[in-house]
Amino acid sequence: MDRSSELTAVRRHRVGVERREGLAASPQPEREALAQESLVDAAGGPRTRKNSPGGSGGASRGAGTGLSEARAAVGIALYLLALRALVQLSLQQLVLRGTSGHPGEFDARQARDYLEHITSIGPRTTGSPENEILTVHYLLEQIKLIEVQSNRLHKISVDVQRPTGSFSIDFLGGFTSYYDNITNVVVKLEPKDGAQHAVLANCHFDSVANSPGASDDAVSCSVMLEVLRVLSASSESLQHAVVFLFNGAEENVLQASHGFITQHPWASLIRAFINLEAAGVGGKELVFQTGPENPWLVQAYVTAAKHPFASVVGQEVFQSGIIPSDTDFRIFRDFGNIPGIDLAFIENGYIYHTKYDTADRILTDSIQRAGDNILAVLKYLATSDMLAAASEYQHGNMVFFDVLGLFVIAYPSRVGSIINYMVVMAVVFYLGKKLWQPKHKTVNYTKDFLCGLGITLISWFTSLVTVLIIAVFISLIGQSLSWYNHFYVSVCLYGTAAVAKIIFIHTLAKRFYYVNANDQYLGEVFFDISLFVHCGFLITLTYQGLCSAFISAVWVAFPLLTKLCLQKDFKQHGAQGKFLALYLLGMFIPYLYALYLIWAVFEMFTPILGRSGSEIPPDIVLASILAGCTMILSSYFINFIYLARSTKKTMLTLTLVCIVTFLLVCSGTFFPYSSNPANPKPKRVFLQHMTRTFHDLEGNIVKRDSGIWINGFDYTGMSHITPHVPEINDTIRAHCEENAPLCGFPWYLPVHFLIRKNWYLPAPEVSPRNPAHFRLISKEQTPWDSIKLTFEATGPSHMSFYVRTLKGSKLLQWSLGNGTPVTSKGGDYFVFYSHGLQASAWQFWIEVQVLEEQPEGMVTVALAAHYLSGEDKRSPQLDTLKEKFPDWTFPSAWVCTYSLFVF
């Protein structure tokens, strides 16, 4: 037996005797000797006995071997707060405080003037005079003024396009779109002698109903007007053309961009595009999509953008479908086969698509930074040789991310894979040196490592389960979204619970399982475990081909370097203040970047949870995200649980904060919504005053009713509304018409699977001055024994058409989209229709195959007409009901009709 084994045996025998004889109060000199004896080699020596098994976290540590709980807890807390403050500072610095208006530079003041004129027109829904006449006239007027002031080196061409077309899309479960005579204002800026290639800049000037649409997307059109002015007045010649597309029907699910890219003659010139969008109000514009492939576009942004803000993480999250939104990027990519860059404002999504989306909420500095970036990138692309030969540079993806908005790091994904696997090999070498040494030295380390890995996974799992239990309870008692107006509530409720549970599990392991192990040894084991877990994520993400794997590489490389640099000091002096400071310094980059990304996650997802429908419990989603963030942020701090002398006060503090917050939430102290003019966070409600008419197979009316159909866009339903509007209560819950497509209600978009709780308040019939008409033109039998039904519909600018095949029938084809019917979730078919001014009657056909004739018919169809603008949009009953809603709500209201037919 070697000396190490002899010492271990002696220590085991000694502690065993102490336990049997109750010698808890052994002399202090002997304890110190034992503590010194138990120090292990930092490279992975054998597991050794602590001086005493007592205490939560070891109350009787040897001199100098235990880390003060207060110092560790306060140090980590201040560290994270300091990093969070640094992130916030960097975000504020993204909004420039510089001057503008110099010749040849983007002038935010001029762009703001454009913005204020456009938003002063009011809501601009497709088909309304505000959108089709007033806004178009203003744009053409400004473009004409810009043309007059342009340099003779350039030529400006203007075209007003009125396309008609149809396409299918898998957004929101899948549906088909049809548009007629909508509006695009297209401007081409090119060299005087013309150009064969062009780069496209796209925005949309239409808005959703009842919103001025300042950020979505009037500000982008204002930026584009000013960029057009600067480029056209420049004395620098362009190599390629720049096409500016001001499209008038993006909110109609991307219709106008489809009309341009599939029908406009200039579309054949486009080699790349920049799409300007919004998912929030103001702030900074984030590059959240690029490609597909074409890494040269990312490099162009990296090279040209003055104030970069970009992340491949956003791209992969957005393209995963987690965020229920889409942009014109999809249309240009899928129908034009053109690569591009997608930018969007993401801050303050609470007022996105509401009446609060006004020009005064967008900082002039925010407009300036967006304009500087767009101008620089467009100018770079319009003078680049790569644009003409874009097809030669299309292969491969890019890893790209900005560093606190200061600059962007970008490199090919294949290079990223090489870097990632090099980091993995370093970890394999580091851990392999410990795990595969001779058994007599490493047998305990291997066992402790594997057991510690299990304990860590258990702590994370139980942490997740704990916050989910709390979230489910909060949801069941009707206190969801208590954090919507006070985000810190979610941190105090779910964040503290997650951290406390992780600490609790590891404290139990420390006290009862690792009772014989030295603190420094355990600290090293659990550091290695965290390193191993992050390395596992790195391997998985890299193998899956995800560019976001660079995050895991950062979370492996920097901690490993920190560990190697501090190993000697840790071995000699233990976990003292110096070690804590240097350790936290070494973790600076991964933790800073993690908090940077976590800010973006919550900035995007928190507002979305307030409009995600009645079926997704937002507290469960947010609690899960917070638990995941806690697991990540705590991973390299778990070792401090074992290095600290105790964890009692930390656990007690966290538990107390969680309990107090829980009680306050249960009591309803934190109201979810706010009408604060400076920072409103309204509850969204849709009110549709409708008249429904149901016909049977013979064309007779079998049912007719009228009422105001009410949909809340979040999980709380009408629970907060009922005290203010008593007539809206559970006694008027709407019931599904089982035999009608989409439950017999006039859904504007196919979001029926997201909102299953709605209310139907009886009201008088509506009588729009421009009523919708629907009729069967012809019924023919085809040579292949199917039935072709041809319909004609007329009505307002927005209509929805629904189809359900009955038993024994099948929908084969139709004259919409590419001819192949696309089902929505639930099996029904949904067609979204819109038109501009002076559109002709909508004629289309469907072809039904009857496999087995049934007495109830072969197909049920329904037409909903939505009056989103003009006098037909309002009714006295709607106006009266809207006035009863509290000021912390945003009720969007319009009139509609619904007619169902059976054939």
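None of the values given here were measured: they were computed from a predicted structure.
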Answer yes if the side chains of [X] and [Y] hold a donor-acceptor pair under 3.5 Å, and no otherwise.
X	Y	result
Asn275	Asn202	yes
Asp216	His353	yes
Gln255	Ser177	yes
Arg369	His307	no
Glu603	Asn348	no
Ser207	Glu251	no
Ser257	Asn247	no
His534	Ser635	yes
Ser235	Asn151	no
Glu277	His204	yes
Asn397	Ser413	no

Mind checking whether [X] and [Y] have side chains closer than 4.5 Å, heavy atoms only?
X	Y	value
Leu140	Val136	yes
Thr303	Tyr380	yes
Trp296	Leu387	yes
Asn679	Tyr356	no
Met587	Leu592	no
Val281	Ile362	yes
Phe106	Ile367	yes
Phe309	Glu285	no

Would you give the length of the straight line joining atom [atom1] of [X] to atom [atom2] of [Y], rounded to the nearest 0.5 angstrom?
X	Y	atom1	atom2	value
Leu381	Gln239	CG	CD	11.5 Å
Leu378	His240	CG	NE2	12.5 Å
His264	Leu200	NE2	CG	11.0 Å
Asn420	Leu541	CG	CG	9.0 Å
Asp385	Tyr393	CG	OH	7.5 Å
Asp326	Asp170	CG	CG	8.0 Å

So, does [X] use its side chain to make a donor-acceptor pair with the main chain of [Y] at under 3.5 Å?
X	Y	result
Ser366	Gly283	yes
Glu316	Leu546	no
Asp342	Phe329	no
Ser234	Val230	no
Arg124	Phe205	yes
Gln368	Ala108	yes
Ser232	Ser150	no
Asn294	Pro292	yes
Ser220	Cys203	no
Thr354	Tyr350	no

Do other residues, nucleotides or ligands put more than 12 heavy atoms under 6.0 Å from the OH atom of Tyr411?
yes
Taking only residues two or more places apart in sequence or in another chain, which ones pass ring-ring contact (aromatic ring centres under 6.0 Å, His included) with Tyr591?
Trp555, Phe637
Under the ring-ring contact (aromatic ring centres under 6.0 Å, His included) test, which residues partner Phe167, sequence neighbours left out?
His258, Phe335
Test side chain to side chain contact (heavy atoms under 4.5 Å, CB included) on Leu238 and His154 and set out the steps.
CA-CA 8 Å; Leu238 300 175; His154 313 292; 4.1 Å; yes
Quick one: which of Thr364, Asp107, Asp360 gives a side chain to side chain donor-acceptor pair (under 3.5 Å) with Arg112?
Thr364
In this structure, which one of Val160, Asp206, Val185 forms a side chain to side chain contact (heavy atoms under 4.5 Å, CB included) with Phe246?
Val185
Nearest heavy atoms of [X] and [Y], plus distance in Å:
X	Y	value
Gly349	Pro607	C-CB, 3.5 Å
Ala111	Ser222	O-CB, 3.3 Å
Asn184	Ala256	ND2-O, 3.0 Å
Gln289	Arg333	OE1-NH1, 4.2 Å
Asn131	Thr135	O-CB, 3.7 Å
Ala410	Val298	CB-CG1, 4.2 Å

Using the rule given for salt bridge (Lys or Arg N to Asp or Glu O under 4.0 Å), can you reason through Lys144 versus Glu141, listing the C-alpha separation, both sets of side-chain angles and the distance that settles it, and then say yes or no?
CA-CA 5 Å; Lys144 185 64 177 177; Glu141 186 179 68; over 6 Å; no
Verify side chain to side chain contact (heavy atoms under 4.5 Å, CB included) between Asp328 and Leu245, making sure each step is shown before the conclusion.
CA-CA 11 Å; Asp328 288 322; Leu245 172 58; over 6 Å; no
Sorted by chain and residue number, the side-chain contact (heavy atoms from CB on, under 4.5 Å) partners of Phe487 (sequence neighbours excluded) come out as Ser490, Val491, Phe602, Thr606, Leu622
For the pair Met398 and Cys547, evaluate side chain to side chain contact (heavy atoms under 4.5 Å, CB included) and give the outcome as yes or no after the intermediate values.
CA-CA 7 Å; Met398 289 285 282; Cys547 295; over 6 Å; no
Using 30° and 60° as the class limits, which term best fits the ring planes of Tyr138 and His117: parallel, tilted or perpendicular?
parallel
So that I know where these two stand, are Phe401 and Tyr593 an aromatic pair - ring centroids less than 6.0 Å apart?
yes
Taking the ring centre of each residue, are Phe273 and Phe332 less than 6.0 Å apart?
yes
Step by step, would you call Val403 with Ile409 a side chain to side chain contact (heavy atoms under 4.5 Å, CB included)?
CA-CA 7 Å; Val403 179; Ile409 295 176; 3.8 Å; yes
